[in-house]
Structures are given as structure tokens and as C-alpha cells.
Amino acid sequence: MDDGMDMRLVVVGAAGRMGQTLVKAIHAMPGVTLSGAIERPGSFALGKDIGEIAGLGTLGIPVTDDPLMAFVAADGVIDFTSPAATVDFAELTAQARIVHVIGTTGLSEEDEKKIAAAARHARIVKSGNMSLGVNLLGVLVRQAAKALDAAGWDIEVLEMHHKHKVDAPSGTAYLLGREAAKGRGVDLKDKAVKVRDGVTGPREEGTIGFATLRGGGVIGDHSVMFASESEMITLSHRATDRSLFASGALKSALWARDKKPGLYSTLDVLGLSAD
Ligand SMILES: NC(=O)C1=CN([C@@H]2O[C@H](COP(=O)(O)OP(=O)(O)OC[C@H]3O[C@@H](n4cnc5c(N)ncnc54)[C@H](OP(=O)(O)O)[C@@H]3O)[C@@H](O)[C@H]2O)C=CC1
Ligand SMILES: O=C(O)C1=N[C@H](C(=O)O)C[C@H](O)C1
């Protein structure tokens, strides 16, 4: 509940790429305070001050592997970790009845069900991309897909990320694919083509294709192409700094503070939900 006090936030996976970015963003943002930093048992980060790891100097917050202890003393958890960890954390945020912002991608259908179950008690905001730009792009993709008939226009989603990324296609690519499917009034599960290899035959009308590139330090590039026989429309987004995702996550946490338990998305936070 918003009692006029800073929202106390725990960052899980605090020593990771997004974890460190979040620690810096919380430090710089009024209205939120870092109250805990979690990593897995055996992590190099355990016992170290998270401020030192994130390059801020000492903050007096050691990294621990005891999430429940940290969650009961917090108002919310910011989670950019791995699917298995996120499902475990969702059970704990449900027990503690707090806000859980989930940026983790690569979640299976089974994981999604468990997260939905946790949202009976926790206030969960989950999105494959927490940026304003990508969520707005999703709305534009939905509109374009609605306007451009499947008989004449093929939809392809292209993404590129840094070489450390472990899941594919990206959460954002799925988000954009789902918006395209929504615009067409179809289910992405029935239309997605994620792999092409060898003699594939011609493209099936109405499918939504995905292509994945990995390399270097690319933070996140996404394009949705609408291709006809005689023209092509490309809608694109490029992330140039991870702090973009962190500020979206913090905005989501503050937004969810006074909401009822439930499963929300960044589209809800930004007021861009599907009509
Ligand atoms: N939705 C969005 O806007 C965005 C989403 N992401 C997603 O966020 C996730 C993390 O990305 P990134 O920061 O680059 O990855 P990193 O691997 O750099 O960070 C993940 C961190 O979580 C830790 N972790 C894993 N399991 C546990 C556990 N059980 N308990 C505590 N900590 C754990 C990892 O520790 P260890 O190294 O020991 O495994 C690591 O420190 C990915 O799924 C990525 O796709 C990223 C950016 C934006
Ligand atoms: O792993 C990343 O880095 C990113 N993951 C998210 C995704 O899977 O779409 C968001 C962003 O593009 C960075």
C-alpha cells in the first residue's frame, strides 16, 4: 500500500546485467528504496555489497540467497532472472502478498500457468519488454496487421541481441508476434513459424515468421516486416541502453503498488491495453 513512504524493492538476480542496471536505477529514482539483493546459492556475489558490484560504492546491502526473508520486509520484487527462478519467486511473492515485476523471458506455458496462479495473491506485472517504445510499437503492429490482409501481406519478426542471451526468439519478438496475431484475429500459437531449414516449401499464407540473430553487445533490436508482392513496411525499435528496461520496471512497480492482486502487463501500466 502507498503510505507516502518510499516503495521498498528487492532486486533478484541483482548481480546480473539487468540486476546491476536496476540497482543503479533504484538508487537514482525518488520514491523507491533498495531493501534487498538476491542471488542464487553458490553465487560469487553472496556476502558482497550490491552497491560495490553495481559500481555505486557501499550501500550497506549485502547480497543474500534468502529471498523469503527479504520479501517479507519489502513492498515489491523486481525480477529479471531465469524462468525456473521466476516461478519460485512468484510463489514467494504470493505468500508475502507483494508486487512482483517480471521481466524474465523464455517462460514455458507451464511457467506461465504457475505465474498466473501466483497472481491470485501477488500483484504481478509481466512483460517481455518494459520499454514505452516497444509497447507502443506493439500497438502499431496490431493496427497494421488489422489493416493489411493476410492474403496479400506476409508478416515477419526479426530480432538481434547480444551473444550472452540464452532464449530465442526474444520475449519482445513474441510480444510483437502476439500483437500481429491479435490484429489478424488469430492465435499466434497456430500461426508462428520459428524455424526454417532445408527445403521448407513455399511460405504458408497467414503465418507469422520469426528470425533470430545473436552477436556482440546488441542490447535489443526488433523489426516487424509487412511484405507484399510490390512493397514492404517495416516497423522497428532499437534499445540503446538497458536503463530503459529498468525505468519501465520501476514505473510498473509503483503503478502496481495500489492495485488488487492480479496479472498485469506493461500495456496496462502505460494505458495501452488492447481494445
Ligand atoms: N522484459 C524486459 O524488458 C527485459 C527482459 N530481460 C530478460 O531478463 C532476464 C535476465 O537478463 P540478463 O540480466 O541479461 O541476464 P543475466 O544472466 O545477466 O542475469 C540474470 C541473473 O539472475 C541470476 N539468477 C538466476 N537464477 C537465480 C536464482 N534462482 N536466484 C537468484 N538469482 C538467480 C543469475 O545468476 P547466475 O549468473 O548465477 O545464473 C544472474 O545474476 C532474461 O530472461 C532477459 O531476456 C532483459 C532485459 C529487458
Ligand atoms: O535478454 C535481453 O537482453 C533482452 N531480453 C528481452 C527480450 O527477450 O525481448 C528484452 C530486451 O530486448 C533485452
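Because the structure is a prediction, the values reported are computed rather than measured. Starting from 1, each residue takes its place in the sequence as its number. Counting starts at 1 for both ligands and their atoms, in listed order.
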K.L.:
Decide, yes or no, whether a salt bridge links Lys191 with Glu204 under the criterion of side-chain N to carboxylate O below 4.0 Å.
P.N.:
no
K.L.:
Go ahead and list the nitrogen or oxygen contacts between ligand 1 and the protein that come in under 3.5 Å, distances to 0.1 Å, or just say none.
P.N.:
from, atom 1, to, atom 2, distance (Å)
ligand 1, 1 (N), Gly103, O, 3.0
ligand 1, 1 (N), Ser127, O, 3.0
ligand 1, 1 (N), Gly128, O, 3.1
ligand 1, 3 (O), Met130, N, 2.9
ligand 1, 13 (O), Met18, N, 2.8
ligand 1, 14 (O), Arg17, NE, 3.0
ligand 1, 18 (O), Arg17, N, 2.8
ligand 1, 35 (O), Glu39, OE1, 3.1
ligand 1, 38 (O), Arg40, NE, 3.0
ligand 1, 39 (O), Arg40, NE, 3.3
ligand 1, 39 (O), Arg40, NH2, 2.6
ligand 1, 41 (O), Gly16, N, 3.4
ligand 1, 41 (O), Glu39, OE1, 3.3
ligand 1, 41 (O), Glu39, OE2, 2.7
ligand 1, 43 (O), Thr105, N, 3.0
ligand 1, 43 (O), Thr105, OG1, 3.2
ligand 1, 45 (O), Thr105, OG1, 2.5
ligand 1, 45 (O), Lys165, NZ, 2.9

K.L.:
Which residues pass the ring pair (Phe, Tyr, Trp, His ring centres under 6.0 Å) test with Phe210, sequence neighbours left out?
P.N.:
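Residues passing ring pair (Phe, Tyr, Trp, His ring centres under 6.0 Å) with Phe210: Tyr174.
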K.L.:
May I ask you to check if ligand 2 and Arg242 share an N or O to N or O distance below 3.5 Å?
P.N.:
no
K.L.:
Taking atom CZ of Arg203 as the centre, report whether more than 12 heavy atoms of other residues, nucleotides or ligands fall under 6.0 Å from it.
P.N.:
yes
K.L.:
Could you check atom 1 (O) of ligand 2 against the protein and tell me its nearest heavy-atom contact, residue, atom and distance included?
P.N.:
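Heavy-atom neighbour on the protein nearest atom 1 (O) of ligand 2: Lys165 NZ, 2.9 Å.
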K.L.:
Going by the order shown, which atoms of ligand 2 are within less than 4.0 Å of some heavy atom of His222?
P.N.:
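Numbered from 1, ligand 2 contributes 12 (O).
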K.L.:
Provide, to 0.1 Å, the distance between atom 6 (C) of ligand 2 and the closest protein heavy atom, together with that atom's residue and name.
P.N.:
Gly128 O, 3.6 Å
K.L.:
Using a 4.0 Å heavy-atom threshold (strictly under), name the region of Ile219 that reaches ligand 2: side chain, backbone, both or neither.
P.N.:
backbone
K.L.:
Mind checking whether Thr172 contacts ligand 2 via backbone (N, CA, C, O), side chain (CB onward), both or neither, at a 4.0 Å heavy-atom cut-off?
P.N.:
both
K.L.:
Any salt bridge between Lys146 and Glu179, counting N to O under 4.0 Å?
P.N.:
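A salt bridge is absent here (no side-chain N lies under 4.0 Å from a carboxylate O).
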K.L.:
Are Arg196 and Glu156 ion-paired here, with the side-chain N under 4.0 Å from a carboxylate O?
P.N.:
yes
K.L.:
Within the supplied structure, the quantity of interest is the number of heavy atoms (other residues, nucleotides, ligands) at a distance under 6.0 Å from Lys165 NZ; does it exceed 12?
P.N.:
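Result for NZ/Lys165: enclosed.
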K.L.:
What atoms of ligand 2 come closer than 4.0 angstrom to any heavy atom of Ser170?
P.N.:
7 (C), 8 (O), 9 (O)
K.L.:
Same cluster or not: Tyr264 versus Phe89, using hydrophobic residues (I, L, V, M, F, W, Y) connected whenever any side-chain heavy atoms lie under 4.5 Å apart?
P.N.:
no
K.L.:
On a heavy-atom basis, which atom in Arg214 and which in Asp167 lie closest, and how many Å separate them?
P.N.:
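Looking at all heavy atoms of both residues, the closest pair is NH2-O, 2.8 Å.
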K.L.:
Applying a heavy-atom cut-off of 4.0 Å, say which part of Arg17 lies close to ligand 2: side chain, backbone, both or neither.
P.N.:
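Near ligand 2, Arg17 shows nothing, with every heavy atom at 4.0 Å or more.
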K.L.:
Is it the case that the side chains of Ser131 and Asn129 hold a donor-acceptor pair, with the cut-off being a distance below 3.5 Å and no angle test?
P.N.:
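The answer is yes; a qualifying pair exists.
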K.L.:
What is the distance from atom CG of Leu59 to atom OG1 of Thr33, rounded to the nearest 0.5 Å?
P.N.:
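Nearest 0.5 Å value for the CG-OG1 distance: 11.0 Å.
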K.L.:
Which protein heavy atom lies closest to atom 3 (O) of ligand 2, and at what distance to 0.1 Å?
P.N.:
His162 NE2, 2.8 Å
K.L.:
Could you tell me whether some N/O pair between Phe245 and ligand 2 is separated by less than 3.5 angstrom?
P.N.:
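No, there is no polar N/O contact under 3.5 Å.
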K.L.:
Heavy-atom distances under 4.0 Å decide this one: backbone, side chain, both or neither, for Glu159 against ligand 2?
P.N.:
neither
K.L.:
Can you report which non-hydrogen protein atom sits closest to atom 12 (O) of ligand 2, along with the distance?
P.N.:
His161 NE2, 2.5 Å
K.L.:
Who gets closest to atom 7 (C) of ligand 2 by heavy atom: Ala168, Gly171, Gly103, Ala173?
P.N.:
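The nearest heavy atom belongs to Gly171.
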K.L.:
What I want to check is whether the side chains of Arg17 and Thr21 have a donor and an acceptor closer together than 3.5 Å.
P.N.:
no
K.L.:
Measure Met18 to ligand 2 on non-hydrogen atoms and call it side chain, backbone, both or neither using the 4.0 Å cut-off.
P.N.:
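No part of Met18 is near ligand 2 at this cut-off.
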K.L.:
Looking at Glu109 and Lys114, does any basic side-chain N land under 4.0 Å from a carboxylate oxygen?
P.N.:
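Answer for the salt bridge query: no.
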K.L.:
Passes side-chain contact (heavy atoms from CB on, under 4.5 Å), Val157 versus Ile208? Steps please.
P.N.:
CA-CA 7 Å; Val157 183; Ile208 297 175; 4.2 Å; yes
